[in-house]
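Data block below; observations after.
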Amino acid sequence: MPDPLELAGIPIEVRPDRTLRVKIIDACGLACTFCHNEGTPVTADNRDRLPQDYMGGPGTRTGRVSIYVATNRAGFLSTRIEPGPDFALALAAMRGSLAIEEVHFTGGEPTLHPELPELVALARSMGLTVGLTSNGENGAAVIPAAAEAGLDRINLSVFGTTPSELAAVQGSRLAGVGLAARKLAALDRTIDAAIAHGVKVSANMVVPDGSHVPRVLRVLDAYGQHVVVRLLLNLETADASSEAMREVLTTVGATPDRHFVTAGTSDQRTRYRLPDGRTMYVKTIRPVRLPDTCAGCHLNNPRDCQEGYYGVRLYKSAEGPFMVGVCIRRMDLTVTLGEFVMSRLSREVQELRDDEMARLTALARESRSAGVPISDPKSSAGSLL
């Protein structure tokens, strides 16, 4: 994590949360051992199970995991969202209850959705910006049409830069080096397709410790001219992760030039300039909570709820209704779209966004005039940085 003193005096920009994450598909061609799968069980492995028996990982057909499913009380399986009137009405209903300007498609792996361009076009026709998070396994096939439909950006999750690195974080069924090599080649083709069709590309890299520094430097060397690299703090190894990110920043001679805080979620990031003019980001976490919903939660402590409140997610249940969630660790808080629109929960989310936008903007103004790091007295950690 960047040193707060190092960031003193740099411009601070507070942005409102206006994003809705939409899980459009559950299928994925990887089996990453740390995948949360947006909080939902792997559908292909649980179709014949009751919610209390949902499982993932070794012994299942796909070998995929959803790391919180044993404890998060998930009560439904997700299914593919199809472009059409039902999805359009769901987006309209969400916009009626929350200020939303962007939809961010997730999965599973969204580039495996056979109608991804149509989903992009539908959202764009409603005036929404569209991004997606991907491992890049099928991007070359779908990005040209998705870009033509209006896809704005793609955030690529980079788990390894060599076949052995990628294979090491896969479940046993997909841990072959040969398969990993093919997946990395597909990632390269996805990056090339995105650049060629004017889609903004970011590479998200979790940095657990110093052993991952060479991996980050390889990505910067290979893609840094066209891809914005974003380093993410590993919450399980926070101290080692912070030190590793400092090592990367020092090695490449990066200098901080702007800090961004998203009002209404735990997201914050610092932009750095490299000597050759390229940019990279370091993303960290603020301890944000929904004031009422999170107050009495048994996970509401720094150990069990490290990410905090990260935003609203939309799902399509295999049973039929669209579902809205606010926490992948507590899927029992997920409600139907109709319930969410009429609930106190939707108002709580919007009020948190509005309150933080006003309060953090004022704090940023004070910090800028005083030349000190922005500090939030409502945060249990004090400093936002």
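These numbers come from a predicted model, not from an experiment. The first residue of the sequence shown is numbered 1, and numbering continues consecutively from there.
Counting heavy atoms from C-beta on, the side chains of Val22 and Arg313 never come closer than 4.5 Å. No side-chain heavy atom of Arg153 sits less than 4.5 Å from a side-chain heavy atom of Val201. You'll find the side chain of Ile25 stays beyond 4.5 Å of the side chain of Ile81, heavy atoms only. Between Asp257 and Tyr272 the shortest side-chain heavy-atom distance does not fall below 4.5 Å. At least one side-chain heavy atom of Leu290 sits under 4.5 Å from a side-chain heavy atom of Leu352. Leu122 places none of its side-chain heavy atoms less than 4.5 Å from the side chain of Glu118. Side chains of Ser157 and Thr133 form a contact here, defined as non-hydrogen atoms less than 4.5 Å apart.
The salt bridge (Lys or Arg N to Asp or Glu O under 4.0 Å) contacts involving residues 186-208 comprise Asp152-Lys200, where partners must be two or more places apart or lie in separate chains. Sorted by first then second residue, the salt bridge (Lys or Arg N to Asp or Glu O under 4.0 Å) pairs that include residues 70-96, not counting sequence neighbours, are Arg73-Asp332, Arg80-Glu82. Residue pairs meeting the salt bridge (Lys or Arg N to Asp or Glu O under 4.0 Å) criterion with at least one member in residues 47-71, sequence neighbours excluded, are Asp26-Arg64. For residues 161-170, the salt bridge (Lys or Arg N to Asp or Glu O under 4.0 Å) pairs, not counting sequence neighbours, are Glu165-Arg218. Under the side-chain hydrogen bond (donor to acceptor under 3.5 Å, both in side chains) criterion, the residue pairs touching residues 334-344 are Asp292-Arg344, Thr336-Glu339, Arg344-Glu351, with sequence neighbours excluded.
Residues Glu102 and Thr19 bring a donor and an acceptor atom of their side chains to less than 3.5 Å of each other. Side-chain polar atoms of Gln268 and Thr262 form no donor-acceptor pair below 3.5 angstrom. A side-chain donor from one of Lys23 and Thr40 sits under 3.5 Å from a side-chain acceptor of the other. If you check the side chains of Glu348 and Thr293, you find a donor sitting under 3.5 Å from an acceptor. No donor-acceptor contact under 3.5 angstrom links the side chains of Asn72 and Arg330, judged on distance only. In this structure, a donor-acceptor pair under 3.5 Å is present between the side chains of Glu109 and Thr111. Side-chain contact of Thr270 with His259: a donor-acceptor pair under 3.5 Å is present, judged by distance alone.
Here the closest non-hydrogen pair linking Gly107 and Glu38 is O-CG, 3.3 Å. Minimum interatomic distance between Gly108 and Pro110 (heavy atoms only, all atoms of both residues): O-CD, 3.6 Å. Scanning all heavy atoms of the two residues, the minimum distance from Ala145 to Pro117 falls at CB-CG, 3.6 Å. Shortest non-hydrogen contact noted between Pro163 and Ala180 is O-CB, 3.3 Å. For Gly39 against Ala74, the heavy-atom pair with the smallest separation is O-CB, 4.0 Å. The minimum heavy-atom distance linking Ile100 with Leu128 is given by the pair O-CD2, 3.6 Å.
The pair Asp355-Arg353 does not count as a salt bridge, with every side-chain nitrogen at least 4.0 angstrom from each carboxylate oxygen.
Taking the six-membered ring for Trp and thresholds of 30 and 60 degrees, Phe76 and Tyr315 have ring planes more than 60 degrees apart, a perpendicular arrangement.
Note on Leu174 and Leu112: separate hydrophobic clusters, where clusters join Ile, Leu, Val, Met, Phe, Trp and Tyr whose side-chain heavy atoms are under 4.5 Å apart, directly or indirectly. There is no path of hydrophobic side-chain contacts, each under 4.5 Å, that joins Leu231 to Tyr281. Linking ILVMFWY residues whenever their side-chain heavy atoms come closer than 4.5 Å, directly or via other members, leaves Tyr68 and Val206 in distinct clusters. Connection of Leu30 to Leu232 is not established within any shared hydrophobic cluster, with ILVMFWY side chains joined at heavy-atom distances below 4.5 Å, either directly or through further cluster members. The same ILVMFWY cluster, assembled from side-chain heavy atoms under 4.5 Å apart, contains both Leu20 and Val341.
The backbone N or O of Leu220 sits less than 3.5 Å from a side-chain atom of Arg278, completing a donor-acceptor pair. Ser66 contributes no side-chain N or O that, together with a main-chain N or O of Val42, makes up a donor-acceptor pair within less than 3.5 Å. Asp45 places a side-chain N or O within donor-acceptor distance of the main-chain N or O of Thr62, the cut-off being under 3.5 Å. Side chain of Asp17 to backbone of Gly311: no donor-acceptor contact under 3.5 angstrom is found. Formation of a donor-acceptor pair under 3.5 Å by the Glu243 side chain with backbone atoms of Asp209 is not found in this model. A distance-only check finds a donor-acceptor pair linking the side chain of Thr190 to the backbone of Ala186 [under 3.5 Å]. Under a 3.5 Å cut-off, the side chain of Arg246 and the backbone N or O of Thr250 do not form any donor-acceptor pair. Under the 3.5 Å distance criterion, the side-chain polar atoms of Ser242 are matched with a main-chain donor or acceptor of Ala238. Using a distance-only test at 3.5 Å, with no hydrogens or angles considered, a donor-acceptor pair links the side chain of Arg215 to the main chain of Val158. No donor-acceptor pair under 3.5 Å is formed between the side chain of Asp354 and the backbone N or O of Glu356.
Exactly one residue among Thr106, Leu156, Leu151 makes a side chain to side chain contact (heavy atoms under 4.5 Å, CB included) with Leu132. That residue is Leu151.
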Tell me which donor-acceptor pairs under 3.5 Å the side chains of residues 321-329 have, and how far apart each pair is, sequence neighbours excluded?
unit_1 : atom_1 : unit_2 : atom_2 : d
Arg329 : NH1    : Asp304 : O      : 2.7

Test side chain to side chain contact (heavy atoms under 4.5 Å, CB included) on His113 and Glu115 and set out the steps. CA-CA 6 Å; His113 197 298; Glu115 297 180 284; 3.8 Å; yes
One pair to check against side chain to side chain contact (heavy atoms under 4.5 Å, CB included): Arg289 and Cys305. What are the steps and the verdict? CA-CA 9 Å; Arg289 303 287 192 270; Cys305 185; 3.7 Å; yes
Leu179/Arg182 under side chain to side chain contact (heavy atoms under 4.5 Å, CB included): CA gap, chis, key distance, verdict: CA-CA 5 Å; Leu179 176 61; Arg182 292 193 293 275; 3.7 Å; yes
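Few gaps surround CE on Met126; more than 12 heavy atoms of other groups in view lie less than 6.0 Å from it.
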